[in-house]
Undergrad: 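Quick one: this structure, given as structure tokens, is what I'll be asking you about.
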There are 2 protein chains.
Amino acid sequence: MRRDVFQAIADPTRRAIIMLLTVGAMTPNAIADHFESSRQAVSKHLKILTECEILSQEQKGREIHYHLNADKMKDIEKWLEQFKQLMAKRFDQLDIVLEQLKSKRK
Amino acid sequence: MRRDVFQAIADPTRRAIIMLLTVGAMTPNAIADHFESSRQAVSKHLKILTECEILSQEQKGREIHYHLNADKMKDIEKWLEQFKQLMAKRFDQLDIVLEQLKSKRK
DNA sequence: TTAATGAGAAACCGTTCGGTTGCAAATATA
DNA sequence: TATATTTGCAACCGAACGGTTTCTCATTAA
């Protein structure tokens, strides 16, 4: 069972939950109220998000407050950054090629 | 069948293919050479990546060159940016938000 | 012209996903 | 104490996923 940030944000409902929890911690019922999905369906999403450490639980009596761990989102940012760097390198090489073409023309 | 950028990058092999193609266009066989997976398995990933417009095909004789459409990656960047803005807002207006939540719960 | 190569398509297989239903445990309320 | 609420968990279901095998169809090379 793969359980990483990329797999976590693949689902639109989970992306919406993440966005919702930027506002602050919430209970499963409160979260489910914001969606068409049933409480149990939302609960499954919460489990997945917790397992890959995007969310953390805080028990308060019979309620559980789900907190967002914004730091985990940096994994995606890192990957994107890596991608952009590779792309930049590619264009650097392109520049070199274009320079060579220019000087050849002379 | 959901087919968006987020679902596309959920698979580690597909993320690797994206990284590989930053260097330049490649044929399915050339791409498959870089992985443990079979040509057919890679071909399926290429199909998915093409369907959500991360890749584009260019026929050259019996070969097909797969090009990267780096622009599509901006969808992820946009989402991340949106997320970060919400987080910033959270810290700016934490008090206001908490007040709103209080009254909403009633 | 015949053989080899590059590639997609279809059929199949086991696993995972997202969802529902039903249940049990803990806490709060009457 | 009896009841209601909040929640997680397990079993089940249909669909999608990732992969393999086999097949077909172009295109290129001998």
Side-chain angles (χ1 to χ4, degrees), chain A residues 1-21 24-69 76, chain B residues 1-21 24-69 101-102 104-106:
Chain A
M1 213 182 295
R2 208 179 349 112
R3 202 113 294 181
D4 56 43
V5 195
F6 296 97
Q7 198 264 342
I9 64 160
D11 183 84
T13 304
R14 285 199 289 268
R15 285 201 299 279
I17 291 175
I18 289 173
M19 288 306 203
L20 187 60
L21 291 186
M26 276 191 185
T27 65
N29 271 330
I31 295 168
D33 281 349
H34 286 78
F35 299 97
E36 303 289 309
S37 317
S38 70
R39 182 190 63 80
Q40 282 86 349
V42 167
S43 211
K44 272 200 173 186
H45 287 305
L46 293 176
K47 198 187 173 196
I48 290 171
L49 288 167
T50 305
E51 276 172 3
C52 64
E53 296 175 311
I54 292 179
L55 301 186
S56 62
Q57 302 174 317
E58 184 197 5
Q59 193 93 29
K60 276 193 176 176
R62 69 179 162 184
E63 291 184 346
I64 295 178
H65 293 253
Y66 280 89
H67 293 260
L68 188 61
N69 173 21
I76 305 161
Chain B
M1 212 183 298
R2 208 175 352 108
R3 202 115 294 181
D4 57 42
V5 196
F6 295 98
Q7 198 266 341
I9 64 160
D11 183 83
T13 304
R14 285 199 289 269
R15 285 201 299 278
I17 290 176
I18 289 173
M19 289 305 203
L20 186 59
L21 291 186
M26 275 192 185
T27 65
N29 270 328
I31 295 167
D33 282 348
H34 287 77
F35 299 97
E36 303 289 308
S37 318
S38 69
R39 182 188 65 81
Q40 283 86 350
V42 167
S43 211
K44 273 200 173 186
H45 287 306
L46 293 176
K47 196 187 174 195
I48 291 171
L49 288 167
T50 305
E51 276 172 4
C52 64
E53 296 176 311
I54 291 179
L55 301 186
S56 62
Q57 302 175 317
E58 184 197 4
Q59 192 94 29
K60 276 193 178 176
R62 69 179 162 184
E63 292 184 345
I64 295 179
H65 293 252
Y66 280 89
H67 293 261
L68 189 62
N69 174 21
L101 274 177
K102 263 187 195 170
K104 259 188 192 173
R105 269 203 203 124
K106 282 176 190 176

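Residue numbering restarts at 1 for every chain, and letters A, B, ... go by the order of the sequence lines.
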Undergrad: Specify the closest pair of heavy atoms between A/C52 and A/R3, including all atoms of both residues, with the distance to one decimal.
TA: CB-O, 3.7 Å
Undergrad: Is there a side-chain polar atom (N or O) of A/T27 under 4.0 Å from OP1 or OP2 of D/dT6?
TA: no
Undergrad: Do you know which two heavy atoms are closest between A/A30 and A/H34, and how far apart they sit?
TA: O-ND1, 2.9 Å
Undergrad: In whole angstrom, what separates B/Q7's CD from D/dG18's P?
TA: 6 Å
Undergrad: Mapping B/H65 and A/D11 onto DNA chain C by nearest heavy atom, which one lands closer to the 5' end?
TA: B/H65
Undergrad: Take atom CZ of A/R3 and atom P of C/dT15, then tell me their distance rounded to the nearest Å.
TA: 16 Å
Undergrad: With side-chain contact (heavy atoms from CB on, under 4.5 Å) as the test, would you mind laying out the steps for B/L68 and B/L55 before giving the verdict?
TA: CA-CA 5 Å; B/L68 189 62; B/L55 301 186; 3.7 Å; yes
Undergrad: Hey, which of these two, A/K47 or A/R62, hits DNA chain D nearer its 5' end, going by closest nucleotide?
TA: A/R62
Undergrad: Of all the heavy-atom pairs spanning A/R15 and A/I9, show the shortest one and how long it is.
TA: NH1-O, 2.7 Å
Undergrad: Are A/Y66 and D/dT7 close enough that a side-chain N or O sits under 4.0 Å from OP1 or OP2?
TA: no
Undergrad: I need the CD-P distance between B/E58 and C/dA7, as an integer number of Å.
TA: 13 Å
Undergrad: Among residues 37-44 of chain B, which contact DNA chain D at a heavy-atom distance under 4.0 Å?
TA: B/S38, B/Q40, B/A41, B/K44
Undergrad: Ignoring backbone atoms, establish whether B/H45 has a side-chain N or O less than 4.0 Å from OP1 or OP2 of D/dC17.
TA: no
Undergrad: Considering all heavy atoms of both residues, which atom of A/I31 and which atom of A/L46 are nearest to each other, and what is their separation?
TA: CD1-CD2, 3.9 Å
Undergrad: Between C/dA7 and B/N29, is there an OP1 or OP2 to side-chain N/O distance shorter than 4.0 Å?
TA: yes
Undergrad: Give B/Q59 one of three labels, base, sugar-phosphate or nothing, depending on what nucleic acid heavy atoms sit under 4.0 Å from its own.
TA: nothing
Undergrad: So what does A/E36 touch, heavy atoms closer than 4.0 Å: a base, only the sugar-phosphate, or nothing?
TA: nothing
Undergrad: Rounded to whole Å, please give me the gap between CG in B/L49 and P in D/dC17.
TA: 13 Å
Undergrad: From B/L21 CG over to B/H65 NE2, what is the distance, rounded to the nearest 0.5 angstrom?
TA: 12.0 Å
Undergrad: Using every non-hydrogen atom in the two residues, find where A/R14 and A/A8 come nearest and quote the distance to one decimal.
TA: NE-O, 2.7 Å
Undergrad: Starting at atom CD1 of B/I64, determine the distance to atom C1' of C/dA9, rounded to an integer number of angstrom.
TA: 12 Å
Undergrad: Would one find a side-chain N or O of A/Q57 under 4.0 angstrom from OP1 or OP2 of D/dT7?
TA: no
Undergrad: Could you check whether atom CD of B/E36 has more than 12 heavy atoms from other residues, nucleotides or ligands sitting under 6.0 Å from it?
TA: no
Undergrad: When the distance from CD1 of A/I48 to C1' of D/dG8 is rounded to whole Å, what number comes out?
TA: 14 Å
Undergrad: Considering non-hydrogen atoms only, spot the tightest contact between A/V42 and A/P28 and give its length.
TA: CG1-O, 4.4 Å
Undergrad: Could you give the distance from NE2 (B/H45) to CG (B/D11), rounded to the nearest 0.5 Å?
TA: 4.5 Å
Undergrad: Atom CD of A/E63 and atom C1' of D/dG8: how far apart are they, to the nearest Å?
TA: 15 Å
Undergrad: A/F35 has an atom CZ; how far is it from atom P of C/dG18, in whole Å?
TA: 14 Å
Undergrad: Using five base pairs at each end to define the local axes, how bent is the helix from C/dT1-D/dA30 to C/dA30-D/dT1, to the nearest 10°?
TA: 10°
